[in-house]
Structures are given as structure tokens and as C-alpha cells.
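Notes to accompany the following structure.
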Amino acid sequence: MTPFTLLLTFGLAAAPMAVLAAEPLPLARAFGNTVVSTYPDGRTALVWLKKDGTYTGKTRRRTPSSGTWSLKGEKVCLKQSKPVAVPFNFCTELPASESWKARAVTGEPVTMKVVKGVAA
């Protein structure tokens, strides 16, 4: 999984609405759009952040996932609840651009990108 996928897959409790009102611009770009993580083998994982502090996603094997996300300093954190609740958080720094390099929770390098609209 990519950091953002894991970030979508693993995180903290839902962010309060007051925090969402002041969220960083890079995070705001994700709402209504798709965060795509591309792995070295060319497969992609997809994540959709919602303003209410939840997310849905599809792993690179296209298994549906969902959970909550929150902000922790300059990082966005994910906590997966489905298909299996994960007992830890995955956090990654917020990107300054629409495309960036990161590491998946597995340690694999991934390329992250915010794609306009809801890609399938």
C-alpha cells in the first residue's frame, strides 16, 4: 500500500469539524478527488477522503477498504476499520504538490498523485 493508501487505511480518530475548517491546502485538494498511489509494479491503490473524517479506498488488488483519517501536526493519519480493523495508525506528511514520492506501509516506494474527480 502507498503511504496515502495506508494513510487512508490507517489513521487516527475522525477530525473535528473545527480542524477541517482550517485544513491545509494540500489536504483540501483531495476532497472530491482521488488520491492515487502507484507502486513499482504499476498497480495503483485509490483513496477518497471525506470532509467528515472518513475515507474509502481500494487497495492495489482492488479490495475495498474504509476507515477514518485525521490531522496530526503536518501529517495526515489513517486508521482502517474495514475489511479488517487495524490496531495501528499510518501517518504521512502532507504533500506540497499534486504529485509526490512516498513510501507505502510495506516500505515500497510509491508515487502519489491527486487526480481530479472520482476515479474508479
What pair of heavy atoms forms the shortest contact from [X] to [Y], and how long is it?
| X | Y | value |
| --- | --- | --- |
| V35 | A30 | CG2-CB, 4.0 Å |
| P64 | P83 | O-CD, 3.4 Å |
| P40 | P109 | CD-O, 3.2 Å |
| V115 | N33 | O-CB, 3.2 Å |
| A45 | R60 | CB-N, 3.9 Å |

### Task
Report yes or no: do T111 and K101 form a side-chain donor-acceptor pair below 3.5 Å?
yes

### Query
Any luck finding a side-chain donor-acceptor pair between W48 and T34 under 3.5 Å?
yes

### Summary
So OG1 of T68 and CG of N89: to nearest 0.5 Å the spacing works out to 8.0 Å

### NZ on K82 to OG on S65, rounded to 0.5 Å
11.5 Å

### Query
Between T59 and T63, is there a donor-acceptor pair closer than 3.5 Å when you use the side chain of the first and the backbone of the second?
yes

### Query
Below 4.0 angstrom, N of the basic side chain to O of the carboxylate: do K50 and D52 qualify?
no

### Task
Step by step, work out the side-chain hydrogen bond (donor to acceptor under 3.5 Å, both in side chains) result for T44 and R62.
CA-CA 9 Å; T44 59; R62 292 302 182 254; 3.0 Å; yes

### Query
Are V114 and W100 close enough, and set up right, to give a side chain to side chain contact (heavy atoms under 4.5 Å, CB included), and what steps lead you there?
CA-CA 9 Å; V114 177; W100 64 100; 4.0 Å; yes

